[in-house]
Amino acid sequence: MPSWIRAVILPLSWLLLSLRAAADVKARSCGEVRQAYGAKGFSLVDIPYQEIAGEHLRICPQEYTCCTTEMEDKLSQQSKLEFENLVEETSHFVRTTFVSRHKKFDEFFRELLENAEKSLNDMFVRTYGMLYMQNSEVFQDLFTELKRYYTGGNVNLEEMLNDFWARLLERMFQLINPQYHFSEDYLECVSKYTDQLKPFGDVPRKLKIQVTRAFIAARTFVQGLTVGREVANRVSKVSPTPGCIRALMKMLYCPYCRGLPTVRPCNNYCLNVMKGCLANQADLDTEWNLFIDAMLLVAERLEGPFNIESVMDPIDVKISEAIMNMQENSMQVSAKVFQGCGQPKPAPALRSARSAPENFNTRFRPYNPEERPTTAAGTSLDRLRTVWRTMQHSVTDIKEKLKLSKKVWSTLPYTICKDESVTAGTSNEEECWNGHSKARYLPEIMNDGLTNQINNPEVEVDITRPDTFIRQQIMALRVMTNKLKNAYNGNDVNFQDTSDESSGSGSGSGCMDDVCPTEFEFVTTEAPAADPDRREEDSAAAQLGHSLLSWCLVCVVLALQRLCR
């Protein structure tokens with residue numbers, strides 16, 4: 001080659017190489033990455049101005065890169081934190097549903113009980129003074145046990161209500177027989193055979209079914225809200241595995257290392273990463289959905305025939321009917337007791353001569369709900385109804401929110417990957433980060449759950465080792481679901497309802513074929529059975545002439561009328 005040609009070609013070659021080098025330098029600038037990295041709050045000391053060889057990288061592609069080892073470590077930790085925040089934010093709805101609704105329902109129910117007890121106590125202390133105070137523990141104990149049951153105490157509602165009626169019978173038996181003195185042993189004998197005596201007719205049996213089912217439903221429902229709240233709070237705080245953290249770093253921040261900080265992950269790529277990272281959470285979904293279905297069933301109980309209002313509102317009429325039955329059959333009941341428990345001793349002359357005040361001549365009759373007083377006690381009743389209706393609205397609201405929370409754990413990946421701050425979206429499948437470059441993501445999307453992640457191309461998942469923590473939450477949901485199903489059927493852990501609430505007949509004793517074991521035989525003729533459908537005018541017609549009896553019975557029935565308001 002002639003020297004003149006060589007003299008021309010060599011400078012041109014150097015010029016071309018210089019131009020190419022200048023172009024390469026411009027293409028490998030890390031300016032955008034520096035800006036995005038600094039916006040995350042990191043120091044720019046770690047980041048180069050131009051791309052460098054990437055042999056040091058452990059997660060991102062080992063090509064020319066803007067990431068140092070320190071940057072990869074920091075961005076890896078950042079991806080972990082962002083993932084944890086994403087899961088917590090995405091599950092915020094279900095967590096707040098259980099937290100806020102549990103708080104409201106619990107407040108309403110407690111206020112309901114507190115107002116009912118306060119109304120009863122205030123009215124009787126003001127109106128009857130010492131007479132009420134001498135018998136107030138019967139009602140106070142009833143409220144105490146109902147509250148203790150609701151708050152999780154080991155209370156057998158059936159036994160507790162049986163005890164209430166037995167104690168009430170003791171007090172009334174003394175009032176209708178003031179001419180006798182009854183020892184503790186004698187009164188125990190009386191209460192022991194309450195079922196056989198049937199002084200209150202069928203009301204105790206029917207009321208027992210309503211009260212037990214209503215309180216079982218309320219307590220189990222609030223327990224279910226507690227369990228749902230705790231499970232949601234625990235599951236939303238994820239602890240990503242090392243394999244998940246690597247996949248998150250590769251998806252979220254390897255674009256930085258490739259000099260593409262504005263390119264977001266492909267939607268399907270994000271789904272595979274999230275399904276691998278949240279595989280155990282997805283396995284919670286089946287039991288969670290069964291739990292939600294059981295909660296909805298019990299919510300129907302709270303709105304249906306066994307809701308608290310249906311028990312509280314007509315309880316005065318029902319107990320009035322029971323007391324009327326006791327009044328009508330007091331002579332027969334007393335005769336039966338005297339036959340079974342023995343003839344009591346006469347009371348001292350002073351007591352037997354005691355009579356009712358001359359200015360008290362009100363005749364006893366069943367309470368008419370249309371004649372509710374407009375006193376402070378009536379105002380309290382209105383407050384109770386307002387509280388209960390507010391609680392019913394709360395139950396309706398809870399039902400709607402519960403329905404929306406179904407499948408929440410299996411849909412977490414889809415909810416997260418829909419976030420436009422996370423992925424490029426489904427409409428931009430060609431201009432998104434696929435884990436290696438800016439291009440379409442080709443692998444298929446994995447199904448939900450741990451076992452389906454065996455071939456997940458993005459996350460290393462050990463399908464042979466289910467998350468112990470998640471399995472504990474599954475077990476907690478399973479136990480609560482069983483309780484809810486029992487509550488829907490009217491059964492509690494310590495209470496099995498063997499009564500048939502659809503039957504309007506029977507002794508109310510729970511005995512088969514009206515045969516009960518007894519320790520003594522009644523030899524007198526059975527008293528006529530009271531008609532449970534008797535109207536007010538019929539039940540008011542039968543009155544005892546004894547003025548003391550009428551006065552005492554009015555006191556008792558008024559107490560009972562206010563029992564659960």
Side-chain angles (χ1 to χ4, degrees), residues 76-106 222-245 247-249 251-252 270-296 397-423 446 448-450 452-453 459 461 465-481 484:
S76 181
Q77 188 64 26
Q78 180 70 15
S79 65
K80 174 180 178 293
L81 293 174
E82 289 184 9
F83 169 70
E84 292 171 348
N85 290 335
L86 279 170
V87 174
E88 195 162 355
E89 290 171 7
T90 306
S91 61
H92 176 76
F93 165 77
V94 67
R95 288 185 292 110
T96 54
T97 291
F98 281 92
V99 171
S100 62
R101 273 59 186 184
H102 171 272
K103 185 174 184 293
K104 285 183 179 180
F105 184 88
D106 186 58
V222 80
Q223 287 178 344
L225 291 173
T226 301
V227 170
R229 177 193 67 192
E230 292 176 352
V231 169
N233 282 337
R234 291 167 181 169
V235 176
S236 64
K237 291 177 170 49
V238 294
S239 298
T241 63
C244 173
I245 295 173
L248 290 168
M249 168 62 194
M251 181 183 81
L252 296 174
C270 173
L271 286 175
N272 274 343
V273 171
M274 293 302 162
K275 288 196 175 198
C277 288
L278 298 171
N280 284 284
Q281 279 76 6
D283 283 346
L284 186 75
D285 223 38
T286 299
E287 204 62 51
W288 177 266
N289 292 339
L290 292 174
F291 163 71
I292 296 298
D293 288 339
M295 285 288 290
L296 291 172
D397 173 65
I398 292 172
K399 285 174 61 179
E400 295 305 314
K401 296 297 189 296
L402 289 176
K403 292 174 184 177
L404 294 176
S405 71
K406 292 190 70 172
K407 298 184 178 180
V408 65
W409 306 112
S410 61
T411 57
L412 266 181
Y414 297 90
T415 307
I416 291 173
C417 294
K418 282 181 182 177
D419 193 332
E420 61 182 12
S421 67
V422 178
T423 69
M446 298 292 100
D448 301 325
L450 184 63
N452 291 316
Q453 307 310 310
V459 187
V461 182
R465 300 182 64 184
D467 188 292
T468 303
F469 180 74
I470 295 296
R471 290 308 179 269
Q472 290 173 348
Q473 307 315 306
I474 290 175
M475 184 57 65
L477 289 173
R478 189 168 298 161
V479 170
M480 192 65 239
T481 299
L484 289 163

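Excluded from the calculations below are hydrogen atoms, water molecules and symmetry mates; all remaining heavy atoms, backbone and side chain alike, are included. Because the structure is a prediction, the values reported are computed rather than measured.
Rounding to the nearest 0.5 Å gives a distance of 9.5 Å between CZ of R478 and OG1 of T286. If you take NZ on K401 and CZ on R101, they are separated by 4.5 Å, rounding to the nearest 0.5 Å. Atom-to-atom distance recorded for Q281:CD and F469:CZ is 9.0 Å, nearest 0.5 angstrom. Here CG of D467 is found 9.0 Å from CD1 of I474. Values are rounded to the nearest 0.5 Å. A distance of 13.0 Å separates NZ of K407 from CD1 of I292, quoted to the nearest 0.5 Å. E82 contributes atom CD, which lies 11.0 Å from atom CE of M249 (distance to the nearest 0.5 angstrom).
Considering all non-hydrogen atoms of both residues, R229 and V99 come closest at CG-CG2, 3.4 Å. Scanning all heavy atoms of the two residues, the minimum distance from L450 to P466 falls at CD2-CA, 3.7 Å. Counting all heavy atoms, side chain and backbone alike, G224 lies closest to M295 at CA-SD, 3.6 Å. The nearest pair of heavy atoms linking L484 to A294 is CB-CB, 3.6 Å. What you find for V461 and G276 is that their closest heavy atoms are CG2-O, 3.7 Å. Scanning both residues, A247 and V459, for their nearest heavy atoms gives CB-CG2, 3.6 Å.
Between K237 and E88, at least one side-chain N (NZ, or NE/NH1/NH2) sits under 4.0 Å from a carboxylate O, which counts as a salt bridge.
Side-chain contact check for L296 versus K403: some heavy-atom pair is nearer than 4.5 Å. Between V408 and S91, the closest side-chain pair of non-hydrogen atoms is not below 4.5 Å. Counting heavy atoms from C-beta on, the side chains of V227 and V479 never come closer than 4.5 Å. Two residues are said to be in side-chain contact when any heavy atoms from C-beta on lie closer than 4.5 Å; M480 and L477 fail this criterion. Contact annotation: the side chain of W288 never approaches that of V235 to less than 4.5 Å [non-hydrogen atoms, C-beta and beyond]. The shortest side-chain heavy-atom distance between M446 and N452 does not fall under the 4.5 Å cut-off. L225 places none of its side-chain heavy atoms less than 4.5 Å from the side chain of D106. Contact of the M251 side chain with the M274 side chain is registered, since non-hydrogen atoms from C-beta on lie closer than 4.5 Å.
For the side chain to side chain contact (heavy atoms under 4.5 Å, CB included) criterion with L86, the lone passing option out of L248, V238, D419 is D419. Looking at N289, D283, L278, D285 one by one, the single match for side chain to side chain contact (heavy atoms under 4.5 Å, CB included) with S410 turns out to be D285.
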**Asked** Where do C270 and V422 land on the side chain to side chain contact (heavy atoms under 4.5 Å, CB included) test, with the steps shown first?
**Response** CA-CA 8 Å; C270 173; V422 178; 4.2 Å; yes
**Prompt:** Could you go step by step and tell me if F98 and I398 meet the side chain to side chain contact (heavy atoms under 4.5 Å, CB included) rule?
**Reply:** CA-CA 8 Å; F98 281 92; I398 292 172; over 6 Å; no
**Asked** Are N280 and L284 close enough, and set up right, to give a side chain to side chain contact (heavy atoms under 4.5 Å, CB included), and what steps lead you there?
**Response** CA-CA 7 Å; N280 284 284; L284 186 75; over 6 Å; no
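Heavy atoms from other residues, nucleotides or ligands lying under 6.0 Å from NZ of K406 number more than 12. Crowding of K399 atom NZ: a count of heavy atoms from other residues, nucleotides or ligands under 6.0 Å exceeding 12.
Judged by distance alone, with hydrogens and angles left aside, the side-chain atoms of T241 form a donor-acceptor pair with the main-chain N or O of C244 at under 3.5 Å. Between the T90 side chain and the L412 main chain, no donor and acceptor come within less than 3.5 Å of each other.
In this structure, the ring of W409 has its center no less than 6.0 angstrom from the ring center of F291.
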